[in-house]
Protein chains: 2
Amino acid sequence: MVLSIGDLSRRTGVKVPTIRYYESIGLLPAPARSDGGQRRYGRAHLERLGFVRHARDLGFEIEAIRELLAMAEDREGACGEAHAITRAHLADVEDRIARLSALRDELRAMLACDNGTVAQCRIIEVLADHEQCLHERH
Amino acid sequence: MVLSIGDLSRRTGVKVPTIRYYESIGLLPAPARSDGGQRRYGRAHLERLGFVRHARDLGFEIEAIRELLAMAEDREGACGEAHAITRAHLADVEDRIARLSALRDELRAMLACDNGTVAQCRIIEVLADHEQCLHERH
DNA sequence: CCTTGAACCTCTAGCGGCTAGAGGGAGTAG
DNA sequence: CTACTCCCTCTAGCCGCTAGAGGTTCAAGG
């Protein structure tokens with residue numbers, strides 16, 4: 001299997017410039033080149049990029065993915081660290097959900113007024129005065 | 001009331017370089033200066049920056065805040081557009097909550113394995129193979 | 001074999017929303 | 001007057017890409 005960067009892009013859903021970017025930061029190994037200097041990929045690249053893509057979709061940061069990739073290479077190694085990374089990420093996601101939910105409530109409350117003039121508008125008023133918020137901390 | 005940039009920073013919780021940044025992008029008007037060229041702020045700046053800070057906390061983008069500020073100035077104007085901006089932002093927040101919740105479920109499922117070797121680890125396995133996900137789309 | 005046209009190459013700059021650091025001047029308390 | 005903190009401008013960097021310029025290579029059709 002020999003793939004151009006465009007083929008790899010279509011197969012993984014990762015854009016061409018992003019693939020080159022990943023190579024530049026060392027997340028993907030530099031592939032072989034054609035006589036004319038174009039990148040030629042194989043199955044290993046396809047799988048590795050699929051892994052990266054998937055982890056990015058799941059919201060892992062590049063540095064975390066770098067560590068996960070290193071672990072994935074060592075199939076006999078312990079996966080404790082992968083759990084630690086995932087737990088940390090989960091905690092972060094849960095925190096973001098909590099903060100966004102509070103924010104959603106705030107925004108809904110702000111919308112609970114008729115469209116009148118700015119002088120009567122809760123949105124402008126709330127933004128100008130934190131005291132009117134539902135929560136002390138958003 | 002005359003405030004230095006540091007005073008303004010302490011009163012609003014916005015960092016000093018961020019205040020200068022806001023001025024540079026035209027979100028805050030340029031204040032008067034002391035003889036020596038240091039910024040001197042008054043009550044109007046304090047209120048405007050408080051508004052900005054609050055809107056940022058609520059997750060509004062700078063451009064949205066620019067529009068909200070323009071509306072807040074015209075107290076007799078209609079606030080319909082403020083509602084539109086807020087509704088759009090709310091929709092965005094709700095969408096992010098939904099996607100993060102799906103992601104949270106995914107991460108929790110990935111953690112449901114004992115710490116063994118990488119070869120048996122669900123985390124590495126799931127990352128390498130999208131088919132194993134709970135949802136088709138995260 | 002030749003032409004076309006898409007795809008590829010490298011390089012630089014830009015996005016948002018700040019943050020950090022260098023190298024210097026201003027203000028203030030003792 | 002000194003010491004010290006705060007302030008000034010300017011440039012560069014953060015993340016994770018994305019866009020564009022200007023040029024080269026590849027593959028299919030004639």
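Here the structure is a predicted model, which means the values were calculated and not measured. All chains are named by letter (A, B, ...) in the order of the sequence lines, taking the proteins before the strands, and each is independently numbered beginning at 1.
Atom pair B:R40:CZ and C:dA26:P shows a separation of 12 Å (rounding to whole Å applied). To the nearest angstrom, C1' of C:dG16 lies 12 Å from CD1 of B:I65. A straight line from CD of B:Q38 to P of C:dT28 spans 8 Å, rounded to a whole angstrom. Residue A:E63 contributes atom CD, which lies 11 Å from atom P of D:dC14 at whole-angstrom precision. To the nearest angstrom, C1' of D:dC26 lies 12 Å from CG of A:D7. Here the C1' atom of nucleotide D:dC8 and the OH atom of B:Y41 are 12 Å apart, to the nearest Å. The CG-P distance, from B:L28 to C:dG17, rounds to 15 Å in whole Å. Between the CG atom of B:L3 and the P atom of C:dG27 there is a distance of 16 Å, given to the nearest Å.
Residue-environment remark: CZ (B:R43) stays at or below the threshold of 12 foreign heavy atoms within 6.0 Å.
Comparing A:V16 and B:T18 by the nucleotide of DNA chain C whose heavy atom lies nearest to each, the residue mapping closer to the 5' end is A:V16. Both A:P17 and B:G36 lie near DNA chain D, and the one whose nearest nucleotide falls closer to the 5' end is B:G36. Nearest-nucleotide positions on DNA chain C place A:I5 closer to the 5' end than the other of A:I5 and B:D35.
When the nucleotides C:dG27, D:dT25, D:dT9 are ranked by their closest atom to the side chain of B:R33, D:dT9 comes out on top. Proximity note for A:Y21 (side chain, C-beta onward) versus D:dT18, D:dT25, C:dC18: the nearest is D:dT18. For A:R39, counting side-chain heavy atoms from C-beta on, the closest listed nucleotide (D:dC17, C:dC9, D:dC7) is C:dC9.
For the OP1/OP2 pair of C:dG27 and a distance below 4.0 Å, the side-chain nitrogens and oxygens of B:S34 include at least one atom meeting the criterion. Between B:R56 and C:dC18 there is a side-chain polar atom (N or O) within less than 4.0 angstrom of OP1 or OP2. Considering only side-chain N and O atoms, B:Y22 lies nowhere under 4.0 angstrom from the phosphate OP1 or OP2 of C:dG17. Distances shorter than 4.0 Å separate some side-chain N or O of B:R20 from OP1 or OP2 on D:dC8. Using a 4.0 Å cut-off, no side-chain N or O of A:S4 falls inside it from OP1 or OP2 of D:dC26.
Side chain of A:R104 to main chain of B:E94: no donor-acceptor pair is present (N/O by atom type, distance under 3.5 Å, no hydrogens or angles).
The side-chain heavy atoms of B:L107 and A:F60, taken from C-beta on, include a pair separated by under 4.5 Å. Between B:I19 and B:K15 there is no side-chain heavy-atom pair separated by less than 4.5 Å.
At a threshold of 4.0 angstrom between heavy atoms, the contacts of B:I62 are confined to the sugar-phosphate backbone, with no base atom among them.
Shown here for A:Y22 and A:I62, the closest heavy-atom pair between the two residues is CE2-CD1, 3.9 Å.
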